[in-house]
Number of protein chains: 2
Amino acid sequence: MIKATDTKNKILDLAAELLQNRGYKGFSYAHIAAELGIKNAAVHYHFPTKADLGTAMITRFREQFQSWTAHLDNKYPQQVEHLLDGYIAVPRSFIKNDNVVCPLGVLESDFNILPDTMQRETRGLSYDMRAWFSGVLNLGREQGIFEFSGPAADKALMITAALQGASLMAGAESPELFETTVTQIKRDLGLKPDVVL
Amino acid sequence: MIKATDTKNKILDLAAELLQNRGYKGFSYAHIAAELGIKNAAVHYHFPTKADLGTAMITRFREQFQSWTAHLDNKYPQQVEHLLDGYIAVPRSFIKNDNVVCPLGVLESDFNILPDTMQRETRGLSYDMRAWFSGVLNLGREQGIFEFSGPAADKALMITAALQGASLMAGAESPELFETTVTQIKRDLGLKPDVVL
DNA sequence: GTCTATAACGTGATAGAC
DNA sequence: GTCTATCACGTTATAGAC
């Protein structure tokens, strides 16, 4: 992950990390300002209200996810095992050091206290993820690589929920809980757990 | 669910609802006092610090879960389909009106900002749940009722993570996401989705 | 684009009367 | 067991100088 050099993107990077670590009410403009060596008011210059900052963060999450899947689709066309691994890599990437939690899980957990614009973007992010992954599962079953019963959309929902829940557990307990969940998901798809990362 | 009549338990009931709706930093002594028609200081009398209140809540969640599983084990001995439904009923019970989210998901999402005692109890609750459910899955497979590969503990972890993630999604998007996830979980266990509630 | 200064508010918490 | 009164602090946010 390339770190931004301009202040605006530095703020977004740091705010995202703080959100994932501490929840929406758990981080403040003061945290951001202190860490970046600037003042409170400077952060407000770039994002007038916290709702603006929060909404921009989620919009960026959506853009990043879209870029990631476009990259995967391009690099591994129709190679569903790699696409699955790419999808799993998203929540896994957050379970490093203390960065800890998948943003969607935090946003959904804090959903009722989020400003309207953040609620809308959160739903959009959730939808985007399931929609793409649903296509991957469907294709993989047609190819005879994935085995499961029921609609691909249902299976996509279930796996996405499991990855999200496992990401939360990993942050609170142990990272291995995430990996064990992934292993079981792959078993349930009829895959050997040793698929290349 | 029987509502408590004494103040101390009224506080716990309400605090739990607020926690599940708004996260740990999203509720305050003022919220509780206003709703119960008492004053800030009265709440502090029963729970001197917020950490005390939070810890007591989780301890009660653990006791309630233990009572619930004891009840299930007694009412449906060795009847794994009913035990499974009883386990699913826990997160489902929170998806009514706006009560919305499974406590464990919120606590794990807010984990890094929780006081030490709350962190310990949260881990304990998570462990309790998976441990009991792991036994149910193992028994069900021995009986030939559940079909799955891999260790029962892994499958229990995966299903628990899925229920937790689905509970969060239900709160943020639509309750049906929870039910669809449950349907898929049952399909993956080789069950018909029409098992008695 | 960043600063100083400050406003207006909510928070967790305490002392002491009743 | 609940009250009034109060405190110290962190929060989001704004005005205006540089």
Side-chain angles (χ1 to χ4, degrees), chain A residues 3-58 106-107 109-119 121, chain B residues 3-58 106-107 109-119 121:
Chain A
K3 288 275 179 179
T5 50
D6 57 302
T7 302
K8 188 161 187 169
N9 279 309
K10 275 188 191 168
I11 292 171
L12 283 173
D13 285 343
L14 182 56
E17 191 181 321
L18 286 166
L19 172 76
Q20 291 169 243
N21 264 304
R22 305 172 53 87
Y24 184 66
K25 287 236 178 183
F27 78 94
S28 70
Y29 276 56
H31 287 127
I32 295 169
E35 182 87 12
L36 296 183
I38 57 178
K39 298 297 172 183
N40 194 338
V43 183
H44 276 285
Y45 168 80
H46 295 282
F47 300 97
T49 72
K50 197 174 179 181
D52 293 327
L53 172 56
T55 306
M57 284 171 45
I58 315 179
V106 175
L107 292 166
S109 166
D110 286 343
F111 195 78
N112 293 310
I113 57 169
L114 297 182
D116 281 1
T117 48
M118 289 186 69
Q119 291 190 343
E121 284 293 283
Chain B
K3 287 274 178 177
T5 50
D6 57 302
T7 302
K8 188 161 187 169
N9 280 310
K10 276 187 192 169
I11 292 171
L12 283 173
D13 285 343
L14 182 57
E17 192 181 321
L18 286 166
L19 173 75
Q20 291 168 242
N21 264 305
R22 305 173 52 88
Y24 184 67
K25 288 237 178 183
F27 78 95
S28 70
Y29 277 56
H31 287 125
I32 296 169
E35 182 87 12
L36 296 183
I38 57 178
K39 298 297 172 185
N40 193 338
V43 184
H44 277 284
Y45 168 80
H46 295 283
F47 301 96
T49 71
K50 196 174 179 181
D52 294 327
L53 173 55
T55 306
M57 283 170 47
I58 315 180
V106 175
L107 291 166
S109 165
D110 286 344
F111 195 78
N112 293 310
I113 57 169
L114 298 182
D116 281 0
T117 47
M118 289 186 70
Q119 291 189 343
E121 284 292 283

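If you're wondering where the values come from, they're calculated on a predicted model, not measured in any experiment. Hydrogens, waters and symmetry mates are skipped; everything else that's a heavy atom, side chains included, is used.
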(Q) Rounded to whole Å, please give me the gap between CG in A:Leu18 and P in D:dG10. (A) 16 Å
**Q.** Of B:Tyr45 and A:Gly26, the one whose closest DNA chain D nucleotide lies more 5'
**A.** B:Tyr45
Q. Phosphate oxygens OP1/OP2 of D:dG1: is one of them under 4.0 Å from a side-chain N or O of B:Thr7?
A. no
For residues 42-49 of chain B, run the donor-acceptor check on the side chains, cut-off 3.5 Å, and write out each pair with its distance to 0.1 Å, sequence neighbours left out.
unit_1	atom_1	unit_2	atom_2	d
B:His44	ND1	B:Pro48	O	2.8
B:Thr49	OG1	B:Ala51	N	3.4
B:Thr49	OG1	B:Asp52	N	3.1
B:Thr49	OG1	B:Asp52	OD2	3.1

Q: Take atom NZ of B:Lys39 and atom P of C:dC18, then tell me their distance rounded to the nearest Å.
A: 18 Å
Q) Want to know the stems of DNA chain C: at least 3 consecutive Watson-Crick or G-U pairs with distances under 3.5 Å, which are they? A) C:1-18 with D:1-18
Q | N/O (side chain, A:His31) to phosphate O (OP1/OP2, D:dG10) under 4.0 Å | A | no
Q. What heavy-atom pair brings B:Asn112 and A:Asn21 nearest, and what distance separates the two atoms?
A. ND2-O, 2.9 Å
Q | side chain to side chain contact (heavy atoms under 4.5 Å, CB included) partners for A:Ile113, two or more places apart | A | A:Lys25, A:Asp110, B:Arg22
Q) In whole Å, what is the span from the NZ atom of B:Lys10 to the C1' atom of D:dT2? A) 14 Å
Q.
From the set D:dC3, C:dG1, D:dG1, return the single nucleotide nearest to any side-chain atom of B:His46.
A. D:dG1
Q) Can you check whether B:Val106's main-chain N or O pairs, donor with acceptor, with B:Tyr24's side chain at less than 3.5 Å? A) no
Q. Within this structure, what is the CD1-to-P distance between A:Ile113 and D:dT12, rounded to whole angstrom?
A. 11 Å
Q. What integer distance in Å separates A:Asp6:CG from C:dT2:C1'?
A. 15 Å
Q) What is the distance, rounded to the nearest whole Å, between atom CD1 of B:Ile32 and atom C1' of C:dT11? A) 12 Å
Q: Please identify each residue that fulfils side chain to side chain contact (heavy atoms under 4.5 Å, CB included) with B:Ser28, with sequence neighbours left out.
A: B:Ala30, B:His31
Check nucleotides 13-17 of chain D for protein N or O atoms closer than 3.5 Å to its own N or O atoms and list the pairs.
unit_1	atom_1	unit_2	atom_2	d
D:dA13	OP2	A:Lys50	N	2.7
D:dA13	N7	A:His44	NE2	3.2

Q.
Do B:Lys50 and B:Phe27 have side chains that approach each other closer than 4.5 Å (heavy atoms only, starting at C-beta)?
A. yes
Q: To the nearest Å, give me how far apart NZ (B:Lys25) and P (C:dG10) are.
A: 17 Å
Q: Using side chain to side chain contact (heavy atoms under 4.5 Å, CB included) as the criterion, list what pairs up with A:Glu121, not counting sequence neighbours.
A: A:Thr55, A:Ile58, A:Thr59, A:Arg62
Q.
Check the phosphate of C:dT11 against B:Ser28, side-chain N and O only, distance under 4.0 Å to OP1 or OP2. Yes or no?
A. yes
Q: Calculate the interatomic distance between B:Asp52 atom CG and C:dA13 atom C1'; express it in whole Å.
A: 12 Å
Q: Evaluate the side-chain proximity of B:Ile11 to B:Lys8: yes if any heavy-atom separation is below 4.5 Å, no if none is.
A: no
**Q.** Closest non-hydrogen atom pair, B:Leu107 against B:Leu114
**A.** O-CD1, 3.5 Å
